[in-house]
Amino acid sequence: MRLTTSRKWIGRKWRPRLATVVVAILILVMALPLVGLFFFRLYENQLIRQTEAELIAQGAAIAAIYAQDVRDAGIPPDKLGAPMPQASGDASRGVDPDPLYRPIEPRLDLASDYVLPTRPAAMPATIDPAFAAIGARLSGILDATQKTTLAGFRLLDPAGVVIAGRGEVGLSLGGVEEVRAALAGRYASALRLRIPDQPPPPLYSVSRGTKVRVFVALPVAVDGKVAGVVYVSRTPNNIVKHLYGERGKVTLAAIAILGGTLLIGLVFLRTVSRPIYALIDRTERIAAGDRAAIRPLDHHGTYEMAELSAAFLDMAEKLQARSDSIQTFATHVSHELKSPLTAIQGAAELLRDSGSAMDDAERRRFSNNIVTDAGRLNLLVRRLLDLARAENLAPSGESTSIGAALALLPVDNRLAVRVEAGGEIGLLISAENAAIVLVNLIDNSARHGATQVSVSAASTGGKATILVGDDGAGISPSNRARIFEPFFTTRRDSGGTGMGLGIVLALLKAHDGMIRLVDSERGTRFEIILPVV
């Protein structure tokens, strides 16, 4: 199918299809849960909090065992560390001030806490034999616990020296930030960068898939002083590993998301995309001249699409009617202009070929025919221009009344015009255009033998009904249906063009009005409806 120039121009720039845009949006929406998991790290933060809570629980159990061993060993108070802070200090943070209960809540947060560098190396130190003996007794417990919990345990004395653990026994961790806080009697936790000593295994196996490590330092209180620190660390669970463990639920969730996305896509295809393509197909068929395509779509999908389709088909019907009207009008115009042109041409040819053989009376007769037909042509052209202006007229917003419009008319001695009622009603039409309507109707009455024209008006519901009647010969039943057709006239011989009522109809339509012929006992009566002010 040949494209129009405007469609070629519009098609120069690449534009995505509506279906492509919707599919892209659906894919983005479907990916949002994964984006939340991996980029906003919401779930990872929850796993870190869970790891910290587990380390607190494990460390508290080891701290209780260590505190009891310190008491049983009878270590004097002067060998213990700093005094523990008062419990009332926790009350400001919403913690129960009762010294019997000192709950510790997880505090780490990926959104606000910085990931610290790897833990500093332990420094050489001197170990106290009393604490070393306690550490030796507890080493077996720490090793057994680590095998099950996968956490790394370091038991420190009040000076920060490691007395139990898999490594670093006899070395000091007192320079580590969280250990210093615990030696002062305060719980501390930290996120530190983890540098794996082995390449990442498949599917992020246990303790191998995360680049951070959680460190927890719990102070051990004995007689109100710090008797040591339980220093615990563990790599939090990895998101991918955790999701793999929940793969059944994750698969069901993915199927639900995918199914919902496909359902949305099918609904969109059914309600939007398919009607649009059907409407495009109708447009191309109508442009190719297929009148059968001017009918409602089989499926509209949505209210807006039904409204769009109805508006488009209404426009197509009006354009088709306009095209038919122009074609009919062109046929009438060519017919009306052809008769005088033929007469002028014939008379001119006779004068050219036989004018020397004619007497003065014959030459004058043919010359008069040329002048008369040329005058008719001139009148037809003027009336065509009047009709074109009337059909393309835009409402000016002016208003007038019947009395004001009649005052603009020239005096016509052929008949009398009488306003019976409603002469002061305001009409939404300019005085000039209202005068053109009335002068055409009055002239039409005068040419059909009327001696009197009566005009009356009444207003109701925002509309004015105007009746224009005369006492002339009236219109025969056979001609009543054709009086508004262009060029239809019963007075062709007397100079009628048949365009007066067509101009009146076009002017009234331009002002949201109408005119029709109504029954009358005598003469002719027209009913005009116009908006009122």
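Quick note: numbers below take in every heavy atom, side chains included, and nothing from hydrogens, waters or symmetry partners. Just so you know, these numbers come straight off a predicted model, no measurement behind them.
A 4.5 Å side-chain heavy-atom check between Met358 and Leu351 finds at least one atom pair inside the cut-off. Considering only heavy atoms from C-beta on, Val214 stays 4.5 Å or farther from Ser189 through its side chain. Between Asp109 and Arg49 the shortest side-chain heavy-atom distance falls below 4.5 Å. The side-chain heavy atoms of Gln50 and Leu47, taken from C-beta on, include a pair separated by under 4.5 Å. Side-chain contact between Ile442 and Leu406 is present, with at least one heavy-atom pair separated by less than 4.5 Å.
Counting only distance, with no hydrogens or angles, the side chain of Glu398 and the backbone of Ala431 share no donor-acceptor pair below 3.5 Å. The backbone N or O of Leu108 sits less than 3.5 Å from a side-chain atom of Glu52, completing a donor-acceptor pair. With Arg213 contributing its side chain and Arg194 its backbone, the two residues share no donor-acceptor pair below 3.5 Å. Proximity of a side-chain donor or acceptor of Arg285 to a complementary backbone N or O of Ala292 within less than 3.5 Å is not detected.
To the nearest 0.5 Å, atom CG of residue Leu350 and atom CZ of residue Phe366 are 4.5 Å apart. Note that CG of Asp360 and CZ of Arg363 are 4.5 Å apart. Values are rounded to the nearest 0.5 Å. One distance of note links CD1 of Ile286 with CD1 of Ile294; it measures 5.0 Å at 0.5 Å rounding. The distance from the CG atom of Leu258 to the CG atom of Leu263 is 11.0 Å, given to the nearest 0.5 Å. Taking CG from Asn440 and CD1 from Ile515, the interatomic distance works out to 9.5 Å, rounded to the nearest 0.5 Å. Between atom CZ of residue Arg295 and atom CG of residue Leu297 there is a gap of 8.5 Å, rounded to the nearest 0.5 Å.
A search for side-chain contact (heavy atoms from CB on, under 4.5 Å) contacts involving Ala404 returns Thr400, Ser401, not counting sequence neighbours. When the side chain to side chain donor-acceptor pair (under 3.5 Å) test is applied to Lys249, no partner is found at least two apart in sequence or on another chain. Among residues two or more places apart in sequence or in another chain, the side-chain contact (heavy atoms from CB on, under 4.5 Å) test is passed with Ile25 by Val21, Val29. Scored by the salt bridge (Lys or Arg N to Asp or Glu O under 4.0 Å) test, Asp113 finds no partners at all (sequence neighbours excluded). Here Arg352 pairs with nothing under the salt bridge (Lys or Arg N to Asp or Glu O under 4.0 Å) rule; sequence neighbours left out. Not a single salt bridge (Lys or Arg N to Asp or Glu O under 4.0 Å) links Glu424 to another residue, sequence neighbours left out. For Arg364, the salt bridge (Lys or Arg N to Asp or Glu O under 4.0 Å) test picks out no residue, with sequence neighbours left out. Partners of Ile104 under the side-chain contact (heavy atoms from CB on, under 4.5 Å) rule, at least two apart in sequence or in another chain, are Ile56, Tyr187, Leu218. Considering only residues two or more places apart in sequence or on other chains, Leu116 meets the side-chain contact (heavy atoms from CB on, under 4.5 Å) condition with Glu177, Ala190, Arg192.
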(request) Please assess Ile429 against Ile436 for the test side-chain contact (heavy atoms from CB on, under 4.5 Å), listing each intermediate value before the final yes or no. (result) CA-CA 11 Å; Ile429 186 173; Ile436 292 174; over 6 Å; no
(request) Please report the C-alpha distance between Val468 and Val453 in whole Å, then the side-chain angles of each, then the deciding distance to 0.1 Å, and finally whether the side-chain contact (heavy atoms from CB on, under 4.5 Å) criterion is met. (result) CA-CA 7 Å; Val468 181; Val453 173; 4.0 Å; yes
(message) Evaluate Leu441 against Val437 for side-chain contact (heavy atoms from CB on, under 4.5 Å), listing each step before the verdict.
(response) CA-CA 6 Å; Leu441 295 177; Val437 171; 4.2 Å; yes
(message) If you apply the rule side-chain contact (heavy atoms from CB on, under 4.5 Å), what do you find for Val504 with Asn444, and how did you get there?
(response) CA-CA 11 Å; Val504 169; Asn444 196 59; over 6 Å; no
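Residues Ile370 and Ala347 share a closest heavy-atom pair of CG1-CB, 3.5 Å. Between Ala405 and Leu438, the closest heavy-atom pair is CB-CD1, 4.0 Å. Looking at every heavy atom in both residues, Leu427 comes nearest to Ala464 through CD2-CB, 3.5 Å.
The environment of Glu432 atom CD is sparse: at most 12 non-hydrogen atoms of other residues, nucleotides or ligands sit within 6.0 angstrom.
Pairs engaging residues 262-278 under the side chain to side chain donor-acceptor pair (under 3.5 Å) rule: Arg17-Tyr277, Arg270-His299 [sequence neighbours left out]. Sequence neighbours left out, the pairs with a member in residues 460-473 that pass side chain to side chain donor-acceptor pair (under 3.5 Å) are Ser445-Asp470, Thr451-Asp471.
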Indicate every side-chain donor-acceptor pair of residues 522-533 with a distance under 3.5 Å to a residue at least two apart or in another chain.
{"residue": "Glu527", "atom": "OE1", "partner": "Arg516", "partner atom": "NE", "Å": "2.7"}
{"residue": "Glu527", "atom": "OE1", "partner": "Arg516", "partner atom": "NH2", "Å": "3.1"}

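The residues Glu105 and Arg107 are annotated as not salt-bridged, no charged nitrogen and carboxylate oxygen being separated by less than 4.0 angstrom.
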